[in-house]
Every structure is written in C-alpha cells, then in structure tokens.
Amino acid sequence: MTQDEEQGFSTRAVRAGQQRSTEQEHSEPIYATSSFVFESAAQAAARFSETEPGNIYSRFINPTVRTFQDRLASLEGGEACVATASGMSAILSTCMALLKTGDHIVAPAGMFGSTISLFNNVLTRFGVQTSFVPLTDFEAWEQAIRPETRMLFLETPTNPLMEVADIAALAELAHRHDALLVVDNCFCTPALQQPLKLGADIVVHSATKYIDGQGRCIGGAVVGDAQRVGKDVFGFLRTAGPTMSPFNAWVFSRGLETLSLRMRAHSENAMAIAQWLREQPGVARVFYPGLSDHPQHELAKRQQRAFGGIVSFELEGGRDEAWRLVDALQTVSITGNLGDVKSTITHPSTTTHARNTPEQRAAAGITEGLLRMSVGLEEVDDLMRDLERGLAAARGK
Ligand SMILES: *Cc1c(COP(=O)(O)O)cnc(C)c1O
C-alpha cells in the first residue's frame, strides 16, 4: 500500500489490488467459489482462529472481492475497504458496526431517499435517532449535535439537488464533538473528490452508480481506517453477510480502471447540458455546482476536481409538465439508476423520494416540477435535441 500511494491515481486505478495467481494471468480472474480448501485440519483451525491469514469462505473473504477492495481503498486513500452487496448495505453495515442503542446521527434533510428511510424507519427501531438539518447551514449542524451524537452523515453533492457540503469544516465539527464524519461519495467518486483526505473518517459508496458506470451490477463499499472499517465493519459483514459477489466485484474492478476518464467526460457533458438548459423556455431553475451562480460553486471548485454528471432542473409547472417531458424523450432512458454511460432521467417526487413523506420531500426541496438527469456519454447535441423535444411537450407544444 505504501508503494501504491506513490503511484498516480490512474496507475493505481488500473493496477492496485491485483495479486497474480500461479497461472500468471494478465487480467484479473473471477474466483467463483464459495469456500477454499485447507491442507489439513490444523490449517483449517488456524485460518478460522485467524492465527494464519488466508482464504476461508466467500461470505467474507474472496480474492476477486479483495482486488476490488484494495483498489478502491487505494483510490480513496483509506487503510481498509469492505465491499458490500449494495450501497444501502454499505450504509447499514457502517451504522450497525459503529453505532449502538442511544446513539444519535445528524444528517442533511436533502439526501438519497432510501438513506432517509433507513435512518427514520429502521435505525429508530434499534434506538438510534437522527436529526435532519439543511446541508449547507453550518450552525444548524452545530446546534443539532447532542452529547450522544456519534455520527455526522452526509452526501455531497446531494441527490437530487446538487448542494455541496464543506467536508473539511464538518469533519472538524464532528471531531470536536467526538463524532465520526461519514461521507457518501457516490456522486463524485474518488476520481473527483477524496473525502478522507479532507478529514472525513469513513467513505461509503454505491458502486452501482459510477464505479460500475455501465448499469450492470448492484454493489457498495465502505472505506476508512484499519480499526473501524478493517475490523468493525468487516466483523459485521463477516457475521451478517451483506456480501458482494465475486462476479460483481470483477465488474466493479474493471469499472475503476476507466473511472477517471468517464468522470471527466460525464462532467464535461453535464456542464454543457446545464448551461444549455438554463437558456431554455419553461425551465425555472437548474441545479449544477459547475454553474457560477450555484450557491456553493466556489466550494465545489475547491473541493472537487470537476462537477460531476448529475444535473437537476425544475420546470415552470408541476408534475404534469414534468411527466410530459419525460414521456416525450426518445434517447434518454426513464430509469432510476444514475452514473451510467446512457443518460437517464427520473422524476424524484414520484420515484426515488416517493416513499418519503410530503414533509420530508418539502424539507429536501423536492418539488413536483423537479427532474434529475444523469448525463451520460452520448453526443451532447443528441441529448439537447431530445430534451428540446421534451421541453416542447412539457409546454404543451
Ligand atoms: C443509489 C444511491 C445509494 C444506494 O445505493 P444502492 O447501490 O442502490 O443500494 C446511496 N447513496 C446515493 C447517493 C445513491 O445515489
């Protein structure tokens, strides 16, 4: 790992974590095996008691999964990574491993809908409460902290309104109160932003999105230090089993190889679409941190290498206009996923955030006229022509 760290990002994206087998394969193989054999009863005992390192059982150790974990840990600058079955299980595993009954979380009101549901509907049943605050209101974060606050959790930029949080400032706040800062780095990926280097303690990922990048597999990851992630989160996964499959890990490792290139291209296309959308009739607001009048534009410029591939926009009008736009599109796909080479569009209030209460949606700023577009790698001219068709339909033309 020390040697790894000396190499540049792109080199590590392609090379880190590979351990060639005696077959001398060039490309990483898929170890499709649930368990591993031992040379003797004594070796089996030594492996299980962890007095001898090595493979045991793929619920918690698999060489293909380990390659993905080591590669992502290297790219995020973490000591350890635990791959999980999904992004949500990465968040759940982090909470189950590091929190206990009576603990308290502070998190932004505007974030991924399932994360809000997990905190509100699941963790509360285990006696873990969450206070929700406006992401960019530092004083609100400070005031929400209680003696029992153990975790500040955020995603930046947020889904779907693309608000940007000051990671370094919130890390300092968390540490002053003996709490952890956990950052969901799904929208930026380590190619654009490395929260651990800004002071965050833990990074969680939905690998489903940009790390895969081609919309094939569901997966997640937790990255951080050797104790909390390498021992505590790993220990939870080993026992509870929200494990990533070797096949998915292989796909995600390949995804990491092209991540930097793709993130740059997604960001360029999204910037072009955001600037263009702003000039279009029927568009009330465009949410993209790359726009110079975005409230956290300067912060995003400091904190991120580029602005990412997600553009949200609000139509003049409500749900009817938004649905008419979506239904008129011929190239952009109507689907909930994001981070794909194919552009996708969703109507958050009736899809990703439909299971949140109207109050939660209002607090998150999710109106009926809001659309979230994940800008893919098609030609931008083709995307603009498609959106033009949608905007005309929204206006009843
Ligand atoms: C999709 C998403 C998740 C959840 O990931 P899954 O892989 O779908 O479980 C978490 N956070 C953010 C920001 C997401 O976009």
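Both ligands and their constituent atoms are indexed starting at 1 by order of listing.
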Query - E316/R395 ion pair, N-O < 4.0 Å - result: no
Report task. Please examine the side chains of M151 and T94, heavy atoms only from C-beta on, and report whether any two atoms are closer than 4.5 Å. Result -> yes
Query raised in the report: Do NZ/NE/NH1/NH2 and the carboxylate oxygens of E388 and R385 come within less than 4.0 Å?
Result: no
**Report entry** 4.0 Å heavy-atom contact, S89 with ligand 1
**Finding:** no
Query - atom 11 (N) of ligand 1: nearest protein contact (heavy atom, Å) - result: D184 OD2, 2.6 Å
Query raised in the report: Regarding K209 and the six-membered ring of F112, is the cationic atom NZ or CZ under 6.0 Å from the ring centre and inside 45° of its axis?
Result: yes
Requested in this report: Would you indicate whether Y57, at its atom OH, is surrounded by more than 12 heavy atoms from other residues, nucleotides or ligands within a distance under 6.0 Å?
Outcome: no
Query - Centroid separation F36 to Y31 less than 6.0 Å - result: no
**Report entry** R216, CZ: over 12 other non-hydrogen atoms inside 6.0 angstrom
**Finding:** yes
Query - Protein residue, atom and distance nearest to atom 6 (P) of ligand 1, heavy-atom basis - result: G87 N, 3.3 Å
Query raised in the report: Would you say M88 and ligand 1 have an N/O pair spaced under 3.5 Å apart?
Result: yes
Report task. Below 4.0 angstrom from a heavy atom of G219, which ligand 1 atoms are there? Numbered from 1 as shown, please. Result -> 7 (O)
**Report entry** Candidate pair F119 and T115, rule side-chain contact (heavy atoms from CB on, under 4.5 Å), full reasoning
**Finding:** CA-CA 6 Å; F119 288 1; T115 310; 4.0 Å; yes
Report summary line: One finds that the ligand 1 atoms under 4.0 Å from a non-hydrogen atom of N159 are 15 (O)
Report task. Can you pull out the closest protein heavy atom to atom 4 (C) of ligand 1? Residue, atom name and distance to 0.1 Å, please. Result -> F112 CE2, 3.4 Å
Query raised in the report: Considering only the protein, which heavy-atom contact is closest to atom 14 (C) of ligand 1, and what is its distance?
Result: K209 NZ, 2.9 Å
Query raised in the report: Which ligand 1 atoms does S206 reach within 4.0 Å, using its non-hydrogen atoms?
Result: 1 (C), 2 (C), 3 (C), 4 (C), 5 (O), 6 (P), 7 (O)
Report task. Determine whether the side chain, the backbone, both or neither of M111 has a heavy atom under 4.0 Å from any heavy atom of ligand 1. Result -> neither
**Report entry** Minimum non-hydrogen distance to atom 7 (O) of ligand 1, winning option of L92, T84, N185, T208
**Finding:** T208
Query - ligand 1 atoms in contact with S86 (distance to a heavy atom under 4.0 Å) - result: 7 (O), 9 (O)
